[in-house]
Amino acid sequence: MNILSDSTLARGTMPYMGPLLQATAVRAARFLDDIQERRVRPSAEAIRGLDRFLEPLPEGPTAAEDVIGLLDEFGSPGTVGMAGPRFFGFVIGGALPAALAANWMTSAWDQNAGLFAATPVGTVLEEVSLAWLLEALALPAGSGAAFVTGGTMANFTGLAAARHSVLRQVGWDVEREGLFGAPPVEVVVGGEAHPSVTKSLGMLGMGRERVTTVPVDDQGRMIAEGFPELRGPAIVCIQAGNVNTGSFDPASEIIARAHAAGAWVHVDGAFGLWAAVSPARSHLVKGFNEADSWATDAHKWLNVPYDSGLAFVRDPEILHAAMSMTAAYLPTGEHREPSLYTPELSRRARGIEIWAALKSLGRSGLAEMIERDCRCASRFAEGLRNAGYEVLNDVVLNQVLVAFDNGGSPEKTLRVIEAVQAEGTCWCGPTKWQGRTAMRISVCSWRTTEEDVDRSLAAILRVAGDG
Ligand SMILES: Cc1ncc(COP(=O)(O)O)c(C=O)c1O
């Protein structure tokens with residue numbers, strides 16, 4: 001059966017798209033308007049409702065408006081309120097209005113962001129947003145960049161450039177020869193490096209566990225005195241923003257030592273790098289711009305829709321050497337060809353919604369969003385401390401770790417976390433910090449206000465008091 005045979009499309013008329021997209025926009029807007037008051041964790045009933053999707057592959061077509069109707073009726077209730085103002089789990093941003101709308105526009109355009117010939121607009125807006133990002137994040141002008149799926153792939157990409165560079169310095173072409181028989185590369189990480197860094201090392205053939213680990217302090221920061229003496233090709237991975245505490249490694253000291261030994265320094269700054277945009281927090285990233293590559297997310301603190309991450313490399317030629325490929329059928333011109341800087345060839349035009357987010361916020365709006373989220377985190381910490389609970393980290397950024405057990409067993413903290421999620425006003429998740437079980441609060445949404453914090457605090461303290 002031809003999917004087009006009984007639709008208005010088959011008669012060559014386009015209005016079909018208009019009503020469908022308009023009706024979808026109405027549904028999506030209703031979803032987002034309601035999110036302010038809806039419970040953050042879906043109810044058990046809503047999750048059971050997802051059973052509606054468990055059916056065999058349909059034999060024939062379903063009208064597009066019915067497909068979207070099903071999604072909205074049974075899918076919307078089965079979502080977690082990450083797009084709302086009171087989701088504080090993991091490290092997850094929302095989607096700014098302009099970024100979401102640009103994402104829809106980009107999806108309508110359906111551009112393949114691999115090549116200028118395939119998307120002039122995607123390529124130009126990637127170039128514009130790259131320059132704006134470097135400026136906003138105080139990274140070296142002229143750095144190269146890859147627009148990737150998230151922090152994990154950004155770490156992978158930065159470390160691939162690092163691998164290329166340190167091996168090229170000893171005369172080894174790793175892209176051509178691979179790692180079999182290559183000179184060994186020493187990789188240094190901190191004791192609280194994010195697992196996506198070690199995963200990336202594994203994917204790059206450098207080994208998840210074949211690393212030298214620098215001891216860290218109670219905030220997860222590398223202790224510079226524990227930094228090893230490096231001989232031979234080496235890559236040092238430092239962190240701007242620990243996923244639990246939000247702490248920053250002592251960049252200036254570590255980078256000076258690493259560079260003195262000829263090592264490459266890669267920064268995992270999935271959310272912490274954004275401290276650079278806030279005058280009140282920019283001291284936290286002092287020295288990080290001396291590194292050689294940086295990974296960050298746009299889907300966290302820039303609040304663009306999933307998925308969106310960024311890898312920056314000081315020398316674009318090195319990124320190009322690690323990522324480029326040639327094929328007779330792929331045209332190249334005088335423009336920057338995006339796919340020569342990314343792991344993927346075909347991909348979504350992520351630069352467009354990044355451009356929209358930056359354009360809509362401007363420098364001042366960006367700084368205000370980051371600063372407000374940090375103030376909200378401090379407000380959480382203060383409210384929890386005042387109620388007698390133990391905040392385990394120095395709240396320097398947007399992350400708060402709280403234990404409800406008063407130094408006792410972790411069960412009470414786990415019970416409170418479950419009760420907070422079940423109550424539904426807000427959502428916070430569990431973590432373990434240096435042996436202690438804690439509830440983790442991460443504030444990264446453009447929608448979160450002081451009022452949301454107070455409402456969430458009241459709910460948390462209520463259920464903690466009950467438990
Ligand atoms: C410090 C850090 N690095 C890397 C990542 C991985 O990012 P993504 O989930 O976007 O791959 C995270 C995610 O929270 C993170 O906090």
Side-chain angles (χ1 to χ4, degrees), residues 80 82 87-95 99 133 137 145-160 162 189-204 208 211 216 219-222 236-249 251 265-276 281 284-285 288 291 293-312 342-344 347-348 350 353-354 357 370 373-374 377 393 396-401 427-433 438 440-445:
V80 175
M82 292 177 180
F87 181 85
F88 305 115
F90 313 104
V91 186
I92 285 191
L133 286 162
L137 296 172
F147 290 67
V148 293
T149 47
T152 304
M153 281 312 290
N155 278 323
F156 172 89
T157 305
L159 289 169
V189 299
E192 292 286 355
H194 192 271
S196 64
V197 170
T198 38
K199 176 177 174 175
S200 297
L201 292 169
M203 291 194 287
L204 287 161
R208 290 188 186 202
V211 290
V216 292
Q219 300 300 308
R221 294 172 293 223
M222 275 186 190
V236 177
C237 305
I238 62 172
Q239 182 165 251
N242 175 275
V243 71
N244 282 305
T245 63
S247 71
F248 293 71
D249 282 330
V265 181
H266 171 75
V267 178
D268 174 11
F271 59 98
L273 270 188
W274 295 91
R281 311 277 160 174
L284 294 168
V285 291
F288 278 91
S293 58
W294 303 263
T296 194
D297 264 311
H299 58 217
K300 288 186 168 62
W301 230 350
L302 184 57
N303 277 258
V304 302
Y306 280 95
D307 46 19
S308 190
L310 297 150
F312 303 104
T342 47
E344 310 94 337
R347 67 179 168 84
R348 214 163 73 68
R350 298 186 182 88
E353 68 228 14
I354 291 177
I370 301 296
D373 284 347
C374 293
N393 64 319
V396 293
L397 201 66
N398 62 328
Q399 306 289 107
V400 183
L401 297 179
W427 199 105
C428 308
T431 190
K432 267 210 161 181
W433 178 246
R440 199 164 61 125
I441 301 172
S442 174
V443 191
C444 325
S445 172

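Whatever order the structure lists them in is the order used to number ligands and atoms, beginning at 1.
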Can you report which non-hydrogen protein atom sits closest to [atom], along with the distance?
atom: atom 5 (C) of ligand 1; result: H194 CE1, 3.4 Å
atom: atom 16 (O) of ligand 1; result: V243 CG2, 3.3 Å
atom: atom 11 (O) of ligand 1; result: T152 OG1, 2.6 Å
atom: atom 8 (P) of ligand 1; result: G151 N, 3.4 Å

Evaluate [X] for polar contact with ligand 1, using N/O atom pairs at a separation under 3.5 Å.
X: H299; value: yes
X: A270; value: no
X: D268; value: yes

Item to check | Side chain, backbone, both or neither: the part of F90 lying under 4.0 Å from ligand 1 by heavy atom | outcome: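 Within the 4.0 Å criterion, F90 makes no contact with ligand 1.
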Next on the checklist: Side chain, backbone, both or neither: which applies to K300 and ligand 1 if a contact is any heavy-atom pair less than 4.0 Å apart?
Outcome noted: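 Just the side chain.
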Out of all atoms in ligand 1, which are within 4.0 Å of some heavy atom of [X]? Include the element for each.
X: D297; answer: 7 (O), 8 (P), 10 (O)
X: F271; answer: 16 (O)
X: G241; answer: 1 (C)

Next on the checklist: Please check this pair: side chain of N303 against backbone of G93, looking for a donor-acceptor N/O pair closer than 3.5 Å.
Outcome noted: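 Not confirmed, N303 side chain does not pair with G93 backbone.
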Item to check | Expected output: side-chain S200 to main-chain N155 donor-acceptor under 3.5 Å | outcome: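 Here the side-chain-to-backbone pair does not exist.
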Checklist entry - Taking the non-hydrogen atoms of S196, is any one of them nearer than 4.0 angstrom to ligand 1? => result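 Yes, that is the case, since the closest heavy atom of the residue is under 4.0 Å from the ligand.
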Checklist entry - Name the one of D268, T296, L284, L133 that satisfies side chain to side chain contact (heavy atoms under 4.5 Å, CB included) with L273? => result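 Testing each of D268, T296, L284, L133 against L273, the sole residue satisfying side chain to side chain contact (heavy atoms under 4.5 Å, CB included) is T296.
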Would you call [X] and [Y] a side-chain contact if the rule is heavy atoms closer than 4.5 Å?
X: C444; Y: I92; answer: no
X: N244; Y: N393; answer: no
X: N242; Y: W433; answer: yes

Checklist entry - Can you name the residues that form a ring pair (Phe, Tyr, Trp, His ring centres under 6.0 Å) with F87, not counting sequence neighbours? => result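 Per chain and number, F87 pairs via ring pair (Phe, Tyr, Trp, His ring centres under 6.0 Å) with W427.
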Item to check | Exceeds 12 heavy-atom contacts within 6.0 angstrom, atom OH of Y306 | outcome: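 Atom OH in Y306 is crowded, with more than 12 foreign heavy atoms closer than 6.0 Å.
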Item to check | All pairs passing salt bridge (charged side-chain N to carboxylate O under 4.0 Å, His left out) where residues 303-312 contributes a residue, at least two apart | outcome: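 Residue pairs with at least one partner in residues 303-312: D307-R348, D307-R350.
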